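Each remark here refers to the structure printed beneath this line.
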Amino acid sequence: MPYVEQGPLYNASNNNVNTVVGGATVYAHPIPTYLCPSDASSPSNKGATTNGGANHWAVSNYSANYNFFGDPTKPTTAERLEGNSTMATFTDGSSNTIVFSERYGTCGTSGIANSSSTYGNLWSDSNSVWRPVFCINQYSQSPTSTGYVTCLTPQILPDWVSGCESRRVQSPHAGGIHVCLGDGSVRMVGGSIDATLWANLCHPKDGETLGEF
């Protein structure tokens, strides 16, 4: 938080997201840097579902690529939750790897906001479907033979409560989805991007040569 102009909140938290600061727990504070003004899924900047109590947690409209920040090559789920990789690990090059992407703050397919299948993308939560992360296609995080999953393609302008699949990333922009590459650049990727190309962009060391995107 100190790196996104949230030093006072960080200092007051005492390293605990349950600390009450300014009348609200740390996890309930919306962080402006993590919000996209075009996302209509969470008008209060908190999860628009009571499922899991997400309505008490502040959302994020961005998510991290687990294949980049996680440690998918470890054999067990517990060991795969956090990575210990360095930039040198990612042999495809920083300009060829997506590290962050957009995502709806609240996402569901049932048409019912408070359904048990409607989830929030919560910036300070690291539990299962609530964490702001993508490229984990199975909620159980079942390991594959290499650890890396084939990331599912983005959704462009899905209805947040009836057509939003939380295993994917989503964009509220008609032109495509914003992604941040490992070199710090931000690009708009078209919604019709080829599934294989998207998967290659999300895999930091698959050795695939990328074309224009």
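Here the structure is a predicted model, which is why all the values come from computation and not from measurement. Throughout, residue positions are numbered sequentially from 1 according to the sequence presented.
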Heavy-atom closest pair, residues Ser41 and Ala48: O-CB, 3.3 Å
Selection residues 153-198 - residue pairs positive for disulfide bond (SG atoms under 2.5 Å apart), sequence neighbours left out: Cys107-Cys164
Gap separating the CD1 atom of Ile177 from the CZ atom of Arg168, nearest 0.5 angstrom: 11.5 Å
Nearest-0.5 Å distance, CD of residue Glu102 to CD of residue Gln155: 13.0 Å
Pairing residues for Glu5 by the side-chain contact (heavy atoms from CB on, under 4.5 Å) criterion, not counting sequence neighbours: none
Beyond-backbone contact of Val179 with Val169, side-chain heavy atoms, under 4.5 angstrom: no
Test side chain to side chain donor-acceptor pair (under 3.5 Å) applied to Asn61 - qualifying residues, sequence neighbours left out: Asp39
Which pairs of donor and acceptor atoms, one on a side chain in residues 93-101, lie under 3.5 Å apart (sequence neighbours left out)?
from	atom 1	to	atom 2	distance (Å)
Asn96	ND2	Asp92	O	2.8
Thr97	OG1	Gly93	O	3.3

Partners passing ring pair (Phe, Tyr, Trp, His ring centres under 6.0 Å) against Phe90 (at least two apart in sequence or in another chain): Phe68
Contact check, side chains of Asn67 and Pro204, non-hydrogen atoms, under 4.5 Å: yes
Transitive ILVMFWY side-chain link Leu157 to Ile193, under 4.5 Å: yes
N/O donor-acceptor pair under 3.5 Å between Thr109 side chain and Glu165 backbone: no
Joint cluster assignment, Tyr104 & Val161, ILVMFWY side-chain distance < 4.5 Å: yes
Joint cluster assignment, Trp123 & Val4, ILVMFWY side-chain distance < 4.5 Å: yes
Partners passing side chain to side chain donor-acceptor pair (under 3.5 Å) against Thr106 (at least two apart in sequence or in another chain): Ser42
side-chain contact (heavy atoms from CB on, under 4.5 Å) involving Lys205 - partner list, sequence neighbours excluded: Thr89, Thr91, Tyr148, His203
Under the side-chain contact (heavy atoms from CB on, under 4.5 Å) test, residues paired with Asp125 that sit two or more places apart: Trp57, Leu122, Asn127, Trp130
Closest contact, heavy atoms only, Tyr119 versus Ser116: OH-O, 3.7 Å
ring-ring contact (aromatic ring centres under 6.0 Å, His included) pairs, two or more places apart, involving residues 157-181: His173-His178
Under 3.5 Å donor-acceptor, Asn121 side chain and Val59 backbone: no
side-chain contact (heavy atoms from CB on, under 4.5 Å) against Pro30, all qualifying residues, sequence neighbours excluded: Leu35, Asn45, Ala58
Atom pair CD (Gln170) and CD1 (Ile156), whose distance is rounded to the nearest 0.5 Å: 9.5 Å
Separation of SG atoms, Cys151 and Cys135, below 2.5 Å: yes
Shortest non-hydrogen contact between Thr49 and Ala113, atoms and distance: OG1-O, 2.6 Å
Straight-line distance of Ile112 CD1 to Asn51 CG, nearest 0.5 Å: 11.5 Å
Pairs flagged by side chain to side chain donor-acceptor pair (under 3.5 Å) wherever residues 18-35 is involved - sequence neighbours left out: Asn16-Asn18
Residue pairs fulfilling side chain to side chain donor-acceptor pair (under 3.5 Å) with at least one residue in residues 190-199, sequence neighbours excluded: none
Common cluster, Tyr62/Val189, ILVMFWY with side-chain heavy-atom separation under 4.5 Å: no
Any donor-acceptor N/O pair, Arg103 side chain to Val133 backbone, under 3.5 Å: yes
Under 3.5 Å donor-acceptor, Thr153 side chain and Ala195 backbone: no
